[in-house]
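For ligands, and for the atoms within them, numbers begin at 1 and follow the listed sequence. All of these numbers come straight from a predicted model, not from anything done at the bench. Note that these values count all heavy atoms, side chains included, but never hydrogens, waters or copies made by symmetry.
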Amino acid sequence: MNPTWQFSDGTTLPVGTMYCIGRNYAAHAREMGAEVVPDPIVFIKPPAAYRANNSQIQLPSFSSDVHHEVELVIVIGGSTERCDPSDAWNYIAGLTVGIDFTARDIQTAAKKNGHPWAVAKSWAGSAPCGPVIPARECGRGPWNLSLSVDGAMRQQGSTADMERSVEELVSYLASVFTLQPGDCIFTGTPEGVGPVMSGQRVVAHLVSLVTLTIDIA
Ligand code: MN
């Protein structure tokens, strides 16, 4: 059975497909030795990658270099296969903050060999997300993101620096995949990604809206 999104007003939705966008912040693309490309880079995590706030995450045995990536997460509330960016908010149920945990060593090898990122990105527990704030309470941005590890600030960014906006991402993904209620979009990470270790506490903020606390087992 799929896990469920917990909204701050008590409503729930089953977690669907988790779409994730790569290189949506130029400064993060640069720190990875890469460039922003014309079309969005898209990968997918299954619902089993989801973890709720206050969960403990087991690092995968096949990696020795798991990195945190703090991201604005859009939770979809309506079904659409075609939507103009100006209509995107009609299909957004709410926003939250998520961490796109990435087995960087596995991803680097996959990139070098031209292989997919699924194992590096989509393992069980790789997509913890906070409680969802209903769209009517989110404003329309920009929003600030931050992430600390054991109290030390590691990432701070603004969605104003995204290469593609919330509205453009919803429109693009709808046209390719069809979006369904409970699907979500990880919108990419600002710079400052780095490793997490066993026993550490990771705290992510969608500033003034959501806090997500995750313990690394
Ligand atoms: Mn990411």
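- Taking the charged nitrogens against the carboxylate oxygens, R104 and E69 do have a contact shorter than 4.0 Å, which makes a salt bridge.
- Under the 4.5 Å side-chain criterion, counting only non-hydrogen atoms from C-beta, P128 is not in contact with Y50.
- Between E71 and I99 there is no side-chain heavy-atom pair separated by less than 4.5 Å.
- From W117, atom CH2 reaches atom SG of C20 across 10.5 Å, with rounding to the nearest 0.5 Å.
- Side chains of P190 and H28 form no contact here, defined as non-hydrogen atoms less than 4.5 Å apart.
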Just distance, no hydrogens or angles: give the donor-acceptor pairs under 3.5 Å from side chains in residues 139-150, sequence neighbours left out.
| unit_1 | atom_1 | unit_2 | atom_2 | d |
| --- | --- | --- | --- | --- |
| R140 | NH1 | A135 | O | 3.2 |
| W143 | NE1 | C138 | O | 2.8 |
| D150 | OD1 | R201 | N | 2.9 |

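- Listed by chain and number, E69 OE1, E71 OE2, D100 OD2 are the protein N/O/S atoms closer than 2.8 Å to the Mn ion (ligand 1), with waters left out.
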